[in-house]
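One structure below.
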Amino acid sequence: MNYNSTRNKQKVVTAAQAIAQGISDEGGLFVPQSLPKYTMEEIKAMSGMDYRGRAKKIFADFLTDFTQEEINESVDAAYTAEKFGSENPAPVSYIENGSTKMSVLELWHGPTCAFKDMALQILPHLLTKSMKKTYSGKEAVILVATSGDTGKAALEGFKDVDGTKIMVFYPVNGVSPMQKRQMATQKGENVSVVAIEGNFDDAQTGVKKIFTNAEIKGKLSENNMLFSSANSINWGRLLPQVVYYFSAYCDMLKEGKLQPGDEINVVVPTGNFGNILASFYAMNMGLPIRKFICASNSNNVLTDFIRTGTYDKKRTFYTTISPSMDILVSSNLERLLYHLTDGDDQKVASWMEQLSASGEYTVDAAVKEKLTSCFYGGFCDDENTQKTIRDMYLNENYLCDTHTAVAINVYQQYVAETGDNTTAVIASTASPYKFAKSVLEAVSNGTLPEDEFSMVDALSATTKTPVPAPLASLKDAEVRFTQTCKVDEMPGAVLGGLSIG
């Protein structure tokens, strides 16, 4: 299987090239030229496998220039019980009170307590193997823009990995205190963290510009280095996310919650559109998904796009209690547009140029019809996010974080609006302890403690739930990174961090 660029499908690369390079030279994203198709009999057979077995099968169908041994090594090293707390890194919890049934796909049991671990524990293995196949002898410089969770997950995945250096940029006032502490205390000799004076979109745009800056790329080449990405613009980040939708369906078959062929709805709290796009790929590979429910916070650019066909980033940017979704430019939407236009790279390139130049674009009627036929868009503000957290805890005895609460709230809106009670799989993307202040405010009536770790302890005492060990250990961790820069200083920060300025 080979891969095209969304903006120039004449550019064809192997899986290893797509993963090593991260993004195409002209700024497009790599997409598979075709998708493997699984029958329900094959999906039923996968239900007899464990998570690692399912991952190995799916990876083998996409990474055709990897040997089975290379895939097995990568999967077995990534998804261990030691890292994820059990043999199943993505378990499903069931909430079945009343007529509405929700199956909560918990994606936050990894070492950084966020769904990004599902991809970023395996990406270093895939990337280093890809580099050996395509750019042997070169060092990979991984640039990451984060709205909170990707940064720490990437740092943890790539720390002290031979042949790599990683630098993470995050908005100085746009992540939770726990997310900031996770990044600032990161261990590893090859890691670097820089805060920027701006929001996530500023960080993401800055990183993309550095990726395509000929002068900077030239300096890297002179020093035997090559840029790559750990953001979901990298196919190696997106592919592992396809696996857990198949795995959830297989687990539900195995546990009698579904019968073979039963449809599900998928609900995803969405910022950069990668997680929900992975479920779209799964549907096109044979997973019976009826509707994709795209849940946004007050930064509801995706809600408006799904409902109107116009993507308009020229709007107020809100800093919310669900910061990983505080995004106005959803990079992976470009991949969806490529597929909805049947691979019309020139049309996609034109829309992306319009977005860059004027801040908006409008898709044609055919694409709009395809979009609304399979996607539903809704949003939830901070007040209703906290109310949902409180209701879920008091009524269902289920403690969720601020992002999962957005998904549950929007799902409830969808059911009320449509009456569609198809079994819903809701992607739960982070531990509630990563957002202790907001969650504690929602479930308690008392005065909040002053510091983050006192809030964590209070949340645990109030809800009788354990603090995840990776977060508890941060209390006494050494702060290593305190640098802050302006957006236009990011290129200098990269070159300085690599000591090649």
Side-chain angles (χ1 to χ4, degrees), residues 1 3 15 18-19 31-32 35-40 42-64 66 68 70-81 83-92 103-111 114-127 129-130 150 153 157 230 232 234-254 258 264 266 268 273-289 292 332 335 425-429:
M1 181 182 292
Y3 296 77
I19 293 169
V31 293
L35 294 172
K37 305 288 185 181
Y38 301 149
T39 65
M40 186 48 58
E42 289 175 302
I43 294 172
K44 283 170 59 181
M46 288 170 66
S47 68
M49 306 175 185
D50 63 8
Y51 190 91
R52 289 189 289 270
R54 297 163 189 167
K56 290 171 185 177
K57 172 176 175 53
I58 292 171
F59 285 146
D61 289 333
F62 281 96
L63 308 179
T64 53
F66 285 64
Q68 190 63 55
E70 289 172 326
I71 291 170
N72 292 349
E73 286 175 357
S74 299
V75 170
D76 289 338
Y79 301 119
T80 65
K83 290 179 178 178
F84 286 90
S86 77
E87 291 298 325
N88 185 357
V92 179
S103 304
V104 183
L105 175 56
E106 294 181 347
L107 300 171
W108 43 264
H109 292 282
F115 81 100
K116 307 298 176 69
D117 289 325
M118 297 300 300
L120 285 164
Q121 280 300 304
I122 194 166
L123 180 59
H125 300 282
L126 299 179
L127 180 62
K129 289 177 172 62
S130 295
T150 291
S232 56
N234 191 319
W235 179 249
R237 249 290 303 276
L238 194 57
L239 175 59
Q241 296 177 267
V242 175
V243 175
Y244 51 67
Y245 290 107
F246 276 99
S247 187
Y249 192 92
C250 289
D251 283 345
M252 293 169 73
L253 283 178
K254 197 172 182 179
L258 292 173
I264 59 172
V266 171
V268 186
F273 209 77
N275 201 359
I276 197 166
L277 180 66
S279 66
F280 176 81
Y281 280 121
M283 184 268 287
N284 281 281
M285 293 162 63
L287 200 65
I289 298 175
F292 304 97
N332 275 291
R335 283 187 167 110
V425 174
I426 296 177
S428 179
T429 55

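Remember, it's a predicted structure, so these values are computed and weren't measured experimentally.
Looking only at side-chain heavy atoms (C-beta outward), Thr80 and Gln121 stay at 4.5 Å or farther from each other. Counting only heavy atoms from C-beta outward, the side chains of Lys56 and Asp76 approach each other to under 4.5 Å.
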request  = List the steps, then state whether side chain to side chain contact (heavy atoms under 4.5 Å, CB included) holds for Trp235 with Leu126.
outcome  = CA-CA 11 Å; Trp235 179 249; Leu126 299 179; over 6 Å; no

Steps toward side chain to side chain contact (heavy atoms under 4.5 Å, CB included) verdict (Val104, Glu106) = CA-CA 6 Å; Val104 183; Glu106 294 181 347; 4.3 Å; yes

query = Does the pair Lys129 and Glu73 meet the rule for a side chain to side chain contact (heavy atoms under 4.5 Å, CB included), with working shown?
reply = CA-CA 11 Å; Lys129 289 177 172 62; Glu73 286 175 357; 3.6 Å; yes

query = What do the steps show when you test Glu87 against Arg52 for salt bridge (Lys or Arg N to Asp or Glu O under 4.0 Å), and what is the final call?
reply = CA-CA 9 Å; Glu87 291 298 325; Arg52 289 189 289 270; 2.6 Å; yes

Test log, rule side chain to side chain contact (heavy atoms under 4.5 Å, CB included), inputs Asp251 and Ser247 = CA-CA 6 Å; Asp251 283 345; Ser247 187; 4.1 Å; yes

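Among all heavy-atom pairs drawn from Ile19 and Leu63, the shortest one is CD1-CD2, 4.0 Å. Across Leu107 and Met118, no two heavy atoms sit closer than the pair O-CG, 3.9 Å. The shortest heavy-atom contact between Val243 and Arg54 is CG1-C, 4.4 Å. Between Asn234 and Ala18 the shortest heavy-atom distance is OD1-O, 4.0 Å. Here the shortest heavy-atom pairing between Pro124 and Gly157 reads CG-O, 3.1 Å. Across all non-hydrogen atoms, the minimal contact from Pro32 to Met1 is CB-SD, 3.7 Å.
Considering Phe84, Trp108, Tyr79 as possible partners of Asp117, the one that fulfils the side chain to side chain contact (heavy atoms under 4.5 Å, CB included) test is Phe84. A side chain to side chain contact (heavy atoms under 4.5 Å, CB included) with Val425 holds for exactly one of Leu258, Val268, Leu105, Ile289; it is Leu105. Under the side chain to side chain contact (heavy atoms under 4.5 Å, CB included) rule, Val266 has a single partner from Tyr249, Tyr245, Phe280, which is Tyr245.
Summarising the geometry, atom CG belonging to Leu287 is positioned 5.0 Å from atom CD1 belonging to Ile264; distances are rounded to the nearest 0.5 Å. In this structure, the separation between CD on Glu42 and OG1 on Thr39 is 3.5 Å, given to the nearest 0.5 Å. Taken from OG in Ser428 to NE2 in His109, the straight-line distance is 7.5 Å, to the nearest 0.5 Å. Ile71 CD1 to Ile58 CD1: the interatomic distance, rounded to the nearest 0.5 Å, is 11.5 Å. Summarising the geometry, atom CG belonging to Leu123 is positioned 11.0 Å from atom OG belonging to Ser232; distances are rounded to the nearest 0.5 Å. Atom CG of Leu238 and atom CZ of Phe62 lie 9.5 Å apart (nearest 0.5 Å).
Arg237 places a side-chain N or O within 3.5 Å of a backbone atom of Ala230 that can act as its donor or acceptor partner.
Side-chain atoms of Lys254 and Ser47 form no donor-acceptor pair, as typed in the model, at a separation below 3.5 Å.
Under a cutoff of 6.0 Å and an axis angle of 45°, Lys57 and Phe246 do not form a cation-pi pair.
Between Phe66 and Phe59, the ring center distance fails the sub-6.0 Å criterion.
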